[in-house]
Amino acid sequence: MDVCVQLQHSVDRSRREPIPASWGASPALSEAQSLGALVGAIRRLDGRSDRVLVELLDGDARGDPRAVAVIVTALLPLVLARCRRDRDRVDDYVAELALVIATVDVGALRRSRRRAGGVLLDRAWDEVRRPVRRPAPIVPVDPADLGRRQRDMGSSVEDDAVARVTMAEVQAAVGRAAVERPWVVPAWNTAVELAERAHRDPVEARRWKYVREVLRRHVLPDVAA
């Protein structure tokens, strides 16, 4: 629950702050007038909650760590209820929820007949409770280990050298991005886990799409720079 506590404290410190001007001036957000009011609006899980979530997910606020923190904090009571306050599972749930928030198809969310908050929670929960992901305690993966794969007989020394340089750049970019966007770490670890699988089931294919989108948005631009 350490992640939850950090998020809660972060939002609590800024609860009275006005909605950032960079998020735009949509009616859904301007009605709230403060970040704390946004949290309260999302927690209602009603029509207004849907409008606020869609605006945060599809408007100028998308990609802003503060917007992710607001959404996760708003949904935190339901996260705790589902996990029955199991510390490890809560932290896993929060990490998955952040991934879903960062990569959700807002068009599909708009078309859904369900409440937007419920859709986000259910998609993240589907991943948390998959037993195949919990055969043993999760251990962070060093991206440098990817360079220890058996060499393809068709690869050259030059190819291997370029791959190692690129991996080092990506590893450094993940570390830099994680300072303000901590959810890129579980995204990277998941990408490492799934990268070598020749055959992915539908759930794994969806996770693969999620994490690639997170890394594409928040890590690869830093590598290109």
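- For the pair P77/R43, a side-chain contact is recorded, criterion being any heavy-atom separation below 4.5 Å from C-beta on.
- Once rounded to the nearest 0.5 Å, the distance linking OG of S112 with CG of D105 reads 11.0 Å.
- Scanning for side-chain hydrogen bond (donor to acceptor under 3.5 Å, both in side chains) contacts around W125 gives an empty result, with sequence neighbours left out.
- Summarising the geometry of L45 relative to G118, their closest heavy-atom pair is CD2-N, 4.4 Å, with the distance given to 0.1 Å.
- The salt bridge (charged side-chain N to carboxylate O under 4.0 Å, His left out) check on D50 picks up R115, with sequence neighbours excluded.
- Pairing each heavy atom of G117 with each of L53, the nearest pair is N-CD1, 3.4 Å.
- Here the straight-line distance linking atom CG of L75 with atom CG of L121 works out to 4.5 Å at 0.5 Å rounding.
- Not a single donor-acceptor pair under 3.5 Å links the side chain of R51 to the backbone N or O of A28.
- Every salt bridge (charged side-chain N to carboxylate O under 4.0 Å, His left out) that D122 has, sequence neighbours left out, goes to R82, R114.
- Taking OG1 of T103 as the reference point, atom CZ of R123 lies at 8.5 Å (rounded to 0.5 Å).
- Under the ring pair (Phe, Tyr, Trp, His ring centres under 6.0 Å) criterion, no residue pair touches residues 49-80, with sequence neighbours excluded.
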Carefully, step by step, assess V106 and R62 under the rule side-chain contact (heavy atoms from CB on, under 4.5 Å).
-> CA-CA 11 Å; V106 182; R62 181 154 191 166; 3.2 Å; yes
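- Counting heavy atoms from C-beta outward, P18 and L35 have side chains that stay 4.5 Å or more apart.
- Listed by chain and number, the residues in a side-chain contact (heavy atoms from CB on, under 4.5 Å) with A124 are Y93, E96, L97, V100 (sequence neighbours excluded).
- Taking D46 as the reference, R44, R48, S49 meet the side-chain contact (heavy atoms from CB on, under 4.5 Å) condition, with sequence neighbours excluded.
- Using a 4.0 Å cut-off between a side-chain N of Lys or Arg and a carboxylate O of Asp or Glu, R84 and D86 do not qualify as a salt bridge.
- Put simply, the side chain of I42 reaches to within 4.5 Å of the side chain of L56, judged on heavy atoms.
- Atom CD1 of residue I71 and atom CG of residue L76 lie 13.5 Å apart, to the nearest 0.5 angstrom.
- Pairing each heavy atom of A67 with each of A61, the nearest pair is CB-O, 3.6 Å.
- Under the salt bridge (charged side-chain N to carboxylate O under 4.0 Å, His left out) criterion, no residue pair touches residues 19-29, with sequence neighbours excluded.
- Remark: E55 CD to D60 CG distance equals 7.5 Å, nearest 0.5 Å.
- Here the straight-line distance linking atom OG of S22 with atom CZ of R66 works out to 5.0 Å at 0.5 Å rounding.
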